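Fair warning: this is a prediction, and the values are worked out from it, not measured in the lab.
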Amino acid sequence: MSFPLLTATAALPAVGAIATAAVPAARRTAAKWLALLVSLATLVLAAIVLVRFEPGGDRYQLTESHAWIKDFGVRYELGVDGIGVALLALTALLIPFVILAGWHDADPLETKSSRWRPTQGFFALILAVEAMVILSFEATDVFLFYILFEAMLIPMYFLIGGFGDRAHSGSDENAATQRSYAAVKFLLYNLVGGLIMLAAVIGLYVVAGSFSLTEIADARTSGQLDMATSTERLLFLGFFFAFAIKAPLWPLHTWLPNAMGEATAPVAVLITAVVDKVGTFAMLRFCLQLFPEASKWATPVILVLALISIVYGALLAVGQRDIKRLVAYASISHFGFIILGIFAMTSQGQSGATLYMVNHGISTAALMLVAGFLISRRGSRLIADYGGVQKVAPVLAGTFLIGGLATLSLPGLAPFVSEFLVLVGTYSRYPVAGIIATFGIVLAALYTLVLYQRTMTGPVKAEVSKLPDLRARELAVVAPLIALLLFLGVFPKPLTDIINPAVEQTMSDVQQKDPQPTVPIQNAEAAK
């Protein structure tokens with residue numbers, strides 16, 4: 001039997017989480033280094049998965065299948081396609097930066113009024129989330145995916161509620177209340193979505209007699225499984241509702257600003273750059289593949305919701321006074337672009353949406369982590385408390401600017417390519433939707449540049465006059481992310497070569513073809 005590479009990629013951080021939690025309380029530094037080394041070893045395994053993956057090969061590769069709960073037909077089935085392997089690599093890439101950025105976020109506080117912060121638990125929970133997210137990108141058994149989809153809520157709940165941002169304007173008691181509220185809201189929203197999805201998972205098993213994604217898809221393709229239209233639509237809605245909360249899609253988004261605002265900056269990155277990608281990924285893997293007709297039926301409404309997310313999220317970002325909540329609302333707008341690309345039902349749109357998931361993860365990590373470094377120095381998340389930072393900390397200001405420019409999809413940086421593909425793919429089938437979505441770009445430029453102007457330029461405020469610039473550890477976090485933004489901005493081909501074959505197969509699942517140009521090239525040349 002071949003080496004179970006996919007299992008190893010998820011098992012390593014899971015075992016690392018247990019080992020990190022078991023480190024004695026007095027050995028905090030050892031626990032940090034152990035977590036970092038485990039995350040780097042996981043990145044190596046993810047790189048091996050990426051190298052061994054053949055874009056022109058079978059749809060699902062490096063597959064594993066073992067009996068799990070025989071009486072209910074549940075199997076431990078894993079496999080990655082081009083979309084899954086790209087997001088697996090993104091997750092493994094970001095976790096070491098999250099750990100490095102949060103190196104001191106869980107250290108015990110000196111003040112007597114503050115609770116002791118278990119450092120080992122903080123890093124163990126991060127590794128636990130990594131293990132579950134990676135396995136969710138690999139799972140091809142619907143029930144196994146559901147278990148992971150729900151289980152990752154538990155460590156995230158404790159990371160938000162137990163390790164909140166120290167830069168809080170109120171008292172310690174008020175800060176704890178806000179953290180608890182954000183954590184409970186996150187948990188309740190996602191649990192409700194998960195319970196509705198569970199009903200849909202059970203319904204799917206009753207109809208199909210299997211939890212295997214590949215078996216159900218093959219049965220549908222061959223005509224052996226003929227699902228009634230009303231049944232397919234109900235099951236689709238059950239799955240999509242849960243994924244839309246996780247994504248998050250308007251109007252199911254309200255948990256995200258609270259969670260990101262109260263969490264530490266590295267945990268905020270974990271939420272929006274890693275965990276939330278499970279929702280949009282699942283729309284491609286499960287909604288479109290299992291329920292193609294229902295996906296097309298629901299497309300007009302989903303496109304409207306995506307457009308609202310784009311414009312609404314960007315408008316609220318413009319009016320924010322809190323740096324982290326601004327990034328949260330910007331992410332809601334960006335997820336609107338991703339969902340728009342998925343349901344535009346064009347190859348450009350879906351390729352752009354998948355590429356957007358990766359690029360958004362990198363750009364948001366860069367911006368949020370630099371913002372976290374800034375906030376930790378000043379002790380405030382309020383934009384009004386800053387000014388003139390670029391004169392006292394030019395490297396910090398420069399990296400903050402690059403992260404912001406990536407967020408507004410400046411040409412030459414990675415998100416531009418993906419956003420351009422989403423808009424082209426949407427416009428070719430839904431011109432009005434494509435035009436409306438472009439307003440999100442204008443608003444993104446507004447909230448990003450205004451944020452930079454108010455925090456980094458102008459007279460130097462007394463409270464920021466002695467802020468130190470980025471340290472070596474912080475540069476080690478930010479520099480590789482910026483390098484990736486530049487590299488993928490000018491040369492996205494390595495990613496698109498992996499993603500495009502999987503997108504073509506998804507387009508085949510929903511029996512859609514790209515719209516033909518209204519003016520073919522040969523006719524245009526003849527007209528000249």
Measure the shortest side-chain to side-chain distance between [X] and [Y] over non-hydrogen atoms and say whether it is less than 4.5 angstrom.
{"X": "Leu125", "Y": "Phe163", "answer": "yes"}
{"X": "Asp509", "Y": "Gln289", "answer": "yes"}
{"X": "Leu204", "Y": "Phe291", "answer": "yes"}
{"X": "Val477", "Y": "Glu474", "answer": "no"}

Scan side-chain atoms only and decide if [X] and [Y] contain a donor-acceptor pair under the 3.5 Å cut-off.
{"X": "Tyr189", "Y": "Thr254", "result": "yes"}
{"X": "Gln390", "Y": "Tyr452", "result": "yes"}
{"X": "Gln320", "Y": "Tyr329", "result": "no"}

List, one per line, each side-chain donor-acceptor pair under 3.5 Å for residues 80-89, sequence neighbours excluded.
residue : atom : partner : partner atom : Å
Asp81   : OD1  : Ile83   : N            : 3.4
Asp81   : OD1  : Gly84   : N            : 2.8
Asp81   : OD1  : Arg285  : NH2          : 3.3

Greater than 12 external heavy atoms within 6.0 Å of Tyr427's OH: no
Would you say the rings of Phe335 and His360 are close, in the sense that their centroids are separated by under 6.0 Å? yes
Quick one: are the ring centres of Phe240 and Phe343 less than 6.0 Å apart? yes
List in chain and number order the residues that pass salt bridge (charged side-chain N to carboxylate O under 4.0 Å, His left out) with Lys185, two or more places apart in sequence or in another chain; answer none if no residue qualifies. none
List in chain and number order the residues that pass salt bridge (charged side-chain N to carboxylate O under 4.0 Å, His left out) with Glu504, two or more places apart in sequence or in another chain; answer none if no residue qualifies. none
Give a yes or no on whether the backbone of [Y] and the side-chain of [X] come within a donor-acceptor separation of less than 3.5 Å.
{"X": "Thr231", "Y": "Met227", "answer": "no"}
{"X": "Ser351", "Y": "Gln348", "answer": "no"}
{"X": "Lys246", "Y": "Asn190", "answer": "no"}

Listed by chain and number, what are the ring pair (Phe, Tyr, Trp, His ring centres under 6.0 Å) partners of Phe137, not counting sequence neighbours? Phe281
Could I get the full list of side chain to side chain contact (heavy atoms under 4.5 Å, CB included) partners for Thr214, not counting sequence neighbours? Tyr60, Glu77, Ser212
Sequence neighbours excluded, the answer for side chain to side chain contact (heavy atoms under 4.5 Å, CB included) partners of Ala183 is Tyr157, Ile160
Measuring from atom CZ of Arg381 to atom CG of Asp322, what distance do you get when rounded to the nearest 0.5 angstrom? 4.5 Å
